[in-house]
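Along the sequence shown, the residues carry numbers beginning at 1. It should be emphasised that the depicted structure is a prediction, and the values quoted were computed from it without experimental measurement.
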Amino acid sequence: FLNNFFMIAPAWRNFTTRLREGCAIVAYDLQNQGASTQPGPDFPFSAHADDVIDLLDHLELEDAYLAGTSISTLIAREAAIRHPERVRGLVLMGPVYSPYGVLRYRLLMKDWRGRLEAGGPMTLFNSLYPVVFSDRAIGEGGRPTYLGLRQRFLALNSHEQIESCLEGAGKAEQA
């Protein structure tokens with residue numbers, strides 16, 4: 001399970017309970033995100049696809065299904081294109097790209113950058129929370145889940161870090 005830039009690896013536990021009964025689930029924070037390595041603003045977005053394959057190698061997995069949301073669908077797509085023998089299948093939820101063009105993607109990047117600049121990481125989180133999580137997840141988790149996710153997001157994602165991630169994702173469109 002590949003995070004988008006605004007979701008941390010432990011959040012996948014909320015969505016994978018039934019899958020864990022019959023599958024091995026792997027979730028991790030992308031570099032420059034969450035609790036993972038922070039290589040800085042020069043880290044190329046395209047390197048995330050290499051990280052997926054490196055993780056499979058480290059875990060001694062021949063292949064895997066990749067599931068991604070939003071921005072991480074670009075990472076899953078790129079890993080599948082570069083290493084089709086290692087990607088058994090893709091689950092792409094809310095992809096930021098489409099076969100019809102990149103207009104949605106460009107608008108999302110513009111919106112997220114604008115929210116970050118206008119109000120910082122808190123404003124960005126508040127706009128993403130109802131987009132990333134379903135009505136059911138929000139309803140069942142209630143205020144404690146919202147506050148916990150918000151606190152973790154703010155603790156793990158600085159303004160500069162998010163800016164760097166958005167910059168890297170913006171360059172992915174051109175690939």
Side-chain angles (χ1 to χ4, degrees), residues 1-102 104-106 108-109 112-113 116 121 124 128 131-133 137 149 152-153 155-158 160-175:
F1 283 81
L2 306 174
N3 299 356
N4 57 55
F5 287 124
F6 312 106
M7 185 174 173
I8 52 175
W12 282 110
R13 289 185 210 135
N14 298 322
F15 307 106
T16 59
T17 304
R18 291 182 118 183
L19 282 174
R20 277 186 256 140
E21 294 170 7
C23 302
I25 303 294
V26 177
Y28 66 99
D29 286 334
L30 304 173
Q31 287 197 61
N32 249 0
Q33 180 234 17
S36 197
T37 305
Q38 306 297 315
D42 295 330
F43 181 76
F45 185 83
S46 61
H48 289 301
D50 296 330
D51 285 350
V52 171
I53 302 306
D54 289 346
L55 181 59
L56 292 178
D57 290 343
H58 177 76
L59 297 173
E60 299 179 356
L61 297 172
E62 286 296 314
D63 57 20
Y65 292 96
L66 301 181
T69 65
S70 186
I71 291 292
S72 69
T73 60
L74 293 171
I75 299 167
R77 178 191 71 177
E78 187 65 23
I81 289 169
R82 288 193 211 166
H83 305 279
E85 74 285 357
R86 303 296 301 272
V87 179
R88 188 178 287 187
L90 298 173
V91 179
L92 307 175
M93 300 163 275
V96 295
Y97 64 90
S98 92
Y100 306 106
V102 295
R104 180 175 182 267
Y105 180 78
R106 287 180 181 160
L108 284 170
M109 290 291 106
W112 294 343
R113 283 188 180 118
L116 182 63
L124 182 58
L128 291 169
V131 174
V132 172
F133 296 98
L149 288 170
R152 179 138 181 163
F153 176 83
L156 295 175
N157 295 289
S158 70
E160 294 76 22
Q161 183 181 355
I162 296 169
E163 207 168 58
S164 173
C165 289
L166 289 173
E167 177 69 26
K171 291 176 184 173
E173 174 209 335
Q174 300 158 5

Any donor and acceptor pair, going by atom type alone, linking the side chain of Arg77 with main-chain N or O of Leu90 inside 3.5 Å?
no

Look up atom CG in Leu59 and atom OH in Tyr28, then write down how far apart they are to the nearest 0.5 Å.
10.5 Å

Rounded distance [0.5 Å steps], NE2 in His58 versus CD1 in Ile53
15.0 Å

Please name the pair of heavy atoms, one in Asn3 and one in Ser72, separated by the smallest distance, quoted to 0.1 Å.
O-CB, 2.8 Å

Testing Leu19, Thr69, Val26 one by one against Phe1 for a side chain to side chain contact (heavy atoms under 4.5 Å, CB included), which residue passes?
Leu19

Would a 4.5 Å heavy-atom cut-off, applied to side chains only, mark Tyr65 and Val91 as touching?
no

Any side-chain to backbone donor/acceptor pair from Thr73 onto Pro95? Under 3.5 Å, distance only.
no

Of all residues at least two apart in sequence or in a different chain, which pass the salt bridge (Lys or Arg N to Asp or Glu O under 4.0 Å) check with Arg82?
Asp50, Glu78

Give a yes or no answer on whether the side chain of Asp63 reaches the backbone of Glu85 with a donor-acceptor pair at less than 3.5 Å.
no

Determine whether Leu124 and Asn157 make a side-chain contact, defined as any pair of heavy atoms from C-beta on separated by less than 4.5 Å.
no

Rounded at 0.5 Å granularity, tell me how far CG in Asp29 sits from CG in Asp51.
12.0 Å

Quick one: does any side-chain atom of Arg86 pair with a main-chain N or O of Ala80 as donor and acceptor, under 3.5 Å?
no

Correct closest heavy-atom pair for Gly94 and Arg104 would be O-NH1, 3.9 Å

From CG (Leu66) to CD1 (Ile75), nearest 0.5 Å:
10.0 Å

Side chain to side chain donor-acceptor pair (under 3.5 Å) filter on Thr16, not counting sequence neighbours, yields Arg20

Can you name the side-chain contact (heavy atoms from CB on, under 4.5 Å) partners of Pro121, sequence neighbours left out?
Leu116, Phe153, Leu154, His159, Ile162

Quick one: CG on Leu92 to OG on Ser70, what's the gap to the nearest 0.5 Å?
11.5 Å

